[in-house]
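What follows is a set of notes on a single structure, which appears directly below.
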Amino acid sequence: KPNHQQHQSWLSARPMPQSAQSLSTSRDLYERDFPLYKQPVEVGSFSLDSERRFFNDSRQLRYYVEPEKSPHFHLRDGYGDRYIKRDESVKEKLDHILRWILANRTKLTRRAEASSSSGFDVDFVTWRGHLTKLLTTPYETREGWLLAVTKFKGTLYVSEVETDAARRDRETRTGRHQEMMYWGYKFEQFMCADMVDGSPDSSGVVNTNEAFCTVVQTRLSDHRLLFSGEVDCRDKDPNAAAPPACYVELKTSAEISTPKQRSTFYRFKLLKWWAQSFLPGVPRVVAGFRDDDGVVISVETFHISKISRLIKAEDRCWKPTVCMNFCSDFLTFVKCVVTEDDPRVVYLFCWNPRCDVTYSVHRDSSYSFLPDWYVREMS
Ligand code: A3P
Ligand code: MG
Ligand code: MG
């Protein structure tokens, strides 16, 4: 009897939760049928120029040029003298997407509810890269994340906050690591032309401020999503499928020569490549495999729709359904938690490997990320 009594009082002493306080990231919880994921539709695009200025057009879109099978591209070339690096300490948050939304408001359907008449018909606005992090969370063992969420006129805006660990890593990168980051962009220069009938110009400057971004709309379960992601290039055939199906993602990776290297590539790298391109509906990744001196030895195409079959033979491998179900459940969790509709209120979702997702609430803090110009214009 006393035991029972104790149990009762413990139960009644607990605040009755309106919604859960945390979300598990344990893989086995998400091994169910693949959720609905509608074919992403491109609703627009924008460009960022060499000085990171926004343009509501596709001026930075480049064209994919088929390379030789073994091209011997020297990716170290130009690192010392033809490289302009974007300042990663400048946090742009969702600003470019918000600029795109303001410039294209008439293209977005108005919300039906009279209470939020100036809002639009989307549940979540975010970067593709933030969603990629969510998809890979059940398999991530090293890096945690922080996602700030604000509800404004019925829409949930999701913007990443750099963790202390990520900031430390960024500020203490080795010279070798910094050079290897350049290699990825240099590979793009070898593979892309600025004009539809042009050829790549590897004698030019690599400027990582420049970007072309697609804006897509889709639905995951009952979550209507609007997100943007950077696109490397497109098929130059004018009769190619409409965007995003004509887009090509470019990647570099260390050449694979042992079974262990192959297994690591399948289990970790292909997961990230798949998640990044599956989300916006980009159908293929063209990979340049390079040696330790940054020379591309071979080029191989991976079709996103074939990756899940490719990895099945690998043991302890990842499953697309786990990634998508976790993302869907996380967005449901966010909808339950984020109830106050106020541009100055931020719900900060925090996750670290081997932990559950938790959150905290911040009013008028440095976490607020919706700029005044956006709030004013949308009001
Ligand atoms: P690789 O992925 O070929 O190494 P993306 O492939 O997404 O278009 O990015 C282009 C390049 O930017 C990458 O080329 C890599 O060099 C660099 N890059 C992308 N994401 C990064 C990150 N999170 N940290 C460091 N470098 C990154
Ligand atoms: Mg890119
Ligand atoms: Mg790329």
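Scope of the values below: all heavy atoms of this structure, side chains included, with no hydrogens, waters or symmetry mates. Bear in mind that the values here come from a model prediction, so they are computed numbers and not experimental data. This chain uses plain numbering: 1 for the first residue, then up along the sequence.
In summary, the aromatic rings of Phe265 and Phe289 are positioned with their centroids under 6.0 Å apart. Not less than 6.0 angstrom separates the ring centroid of Phe278 from the ring centroid of Trp273. Aromatic ring centroids of Tyr185 and Tyr83 lie 6.0 Å or more apart.
A cation-pi arrangement is present between Lys186 and Phe190 under the rule of less than 6.0 angstrom and at most 45 degrees off the ring axis.
With respect to Arg62 and Asp194, no salt bridge is recorded, no charged nitrogen being found less than 4.0 Å from a carboxylate O.
Using a 4.5 Å cut-off on side-chain heavy atoms (C-beta onward), Arg86 and Glu210 make no contact. Inter-residue side-chain proximity for His362 and Leu348 is flagged as met; some heavy-atom pair is nearer than 4.5 Å. Phe73 has its side chain within reach of Pro67: a pair of non-hydrogen atoms, C-beta onward, lies under 4.5 Å apart. Between Tyr64 and Leu250, the closest side-chain pair of non-hydrogen atoms falls below 4.5 Å. Counting only heavy atoms from C-beta outward, the side chains of Trp373 and Arg99 approach each other to under 4.5 Å. Phe302 has its side chain out of reach of Glu249: every pair of non-hydrogen atoms, C-beta onward, lies at least 4.5 Å apart. Between Lys153 and Phe120 there is no side-chain heavy-atom pair separated by less than 4.5 Å. Side chains of Met324 and Leu220 form a contact here, defined as non-hydrogen atoms less than 4.5 Å apart.
For the pairing with Leu226, the side chain to side chain contact (heavy atoms under 4.5 Å, CB included) check across Thr155, Thr218, Val216, Val215 returns one residue only, Val215. Of the options Arg168, Arg167, Lys93, Lys91, a salt bridge (Lys or Arg N to Asp or Glu O under 4.0 Å) to Glu162 is made by Lys91 and by none of the others.
Side-chain contact, Trp183 with Glu179: a donor N or O sits under 3.5 Å from an acceptor N or O. Between the side chains of Lys251 and Gln276, at least one donor N or O sits under 3.5 Å from an acceptor N or O. Side chain to side chain, Glu255 and Ser298 fail the donor-acceptor criterion of an N or O pair below 3.5 Å. Judged by distance alone, the side chains of Asn56 and Asn104 do bring a donor and an acceptor atom under 3.5 Å apart. Residues Glu42 and Thr214 bring a donor and an acceptor atom of their side chains to less than 3.5 Å of each other.
Every pair passing ring pair (Phe, Tyr, Trp, His ring centres under 6.0 Å) that includes a residue from residues 195-225 is listed here, sequence neighbours excluded: Phe124-His223, Phe212-Tyr247.
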* To do: Could you walk me through whether Gln178 and Thr174 pass side-chain hydrogen bond (donor to acceptor under 3.5 Å, both in side chains), step by step?
  => CA-CA 6 Å; Gln178 291 185 49; Thr174 62; over 6 Å; no

* Asked: Can Thr321 and Glu31 be said to form a side-chain hydrogen bond (donor to acceptor under 3.5 Å, both in side chains), step by step?
  -> CA-CA 6 Å; Thr321 198; Glu31 289 208 21; over 6 Å; no

* Apply salt bridge (charged side-chain N to carboxylate O under 4.0 Å, His left out) to Asp315 and Arg267, showing your working. => CA-CA 9 Å; Asp315 56 302; Arg267 289 182 58 208; over 6 Å; no

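No donor-acceptor pair under 3.5 Å is formed between the side chain of Thr150 and the backbone N or O of Tyr157.
Applying the side-chain hydrogen bond (donor to acceptor under 3.5 Å, both in side chains) criterion to Lys85, with sequence neighbours excluded, gives Glu88.
The aromatic rings of Trp351 and Trp145 are tilted relative to each other, their planes meeting at an angle between 30° and 60°.
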